[in-house]
Amino acid sequence: QVQLVESGGGLVQPGNSLRLSCAASGFALDYFAIGWFRQAPGREREGVSCISRSYGKTIYRDSVKGRFTISRDNAKNTVYLQMNSLKPEDTAVYSCAAVFIATGLCTFNASGYTYWGQGTQVTVSS
């Protein structure tokens, strides 16, 4: 069974950190580009970061550059999103998604992704 499972969300104070994990089962993540998306109440889903299959090239949305880092551990079939210096505006449900891509960069086009996790809540509040 193909599955993506996110974990690591929670409630943190502004300035603190969280590391989200996206664990895959039923397929090998190293053949896929992986994206992290988030959706806050009343807002559109937006791409946060993604990592390509080829050479692990990464893309970040401007608001998280320098604070978030995406990485992949193919041996553990897991992708991570390290989130530092969290802000209240980072509060959202974070979901990971996977798409098979032979070459080229990942994108923030959510409709292009094949597999999705159920999401994990991140709340940044004092």
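Position 1 is the first residue of the sequence; numbering continues from there. Quick caveat: nothing in here was measured; it's all calculated off a predicted structure.
K65 and D62 are joined by a salt bridge, as a carboxylate oxygen and a charged side-chain nitrogen come within less than 4.0 angstrom of each other.
L81 and Y113 fall into different hydrophobic clusters, where Ile, Leu, Val, Met, Phe, Trp and Tyr are joined by side-chain heavy atoms under 4.5 Å apart, directly or via other members. Under the 4.5 Å side-chain heavy-atom criterion for ILVMFWY residues, no single connected hydrophobic cluster contains both I34 and W116. V124 and F37 sit in two unconnected hydrophobic clusters of ILVMFWY residues. Membership requires side-chain heavy atoms under 4.5 Å apart, directly or through other members. Neither I59 nor L20 shares a network with the other; the hydrophobic side chains, linked directly or stepwise wherever heavy atoms of I, L, V, M, F, W or Y lie under 4.5 Å apart, form separate groups for each. The hydrophobic clustering, which links ILVMFWY residues whose side-chain heavy atoms are closer than 4.5 Å, places L11 and V93 apart.
S21 contributes no side-chain N or O that, together with a main-chain N or O of Y80, makes up a donor-acceptor pair within less than 3.5 Å. Not a single donor-acceptor pair under 3.5 Å links the side chain of E46 to the backbone N or O of R38. Put simply, the side chain of T114 never gets that close to the backbone of V99: no donor and acceptor are under 3.5 Å apart.
Grouped with V5 in a hydrophobic cluster is no other residue, since no side-chain heavy-atom contact under 4.5 Å to another Ile, Leu, Val, Met, Phe, Trp or Tyr is found.
Summarising the geometry of R53 relative to D30, their closest heavy-atom pair is CG-O, 3.2 Å, with the distance given to 0.1 Å.
The SG atom of C22 sits 10.0 Å away from atom CZ of R72, with the distance rounded to the nearest 0.5 Å.
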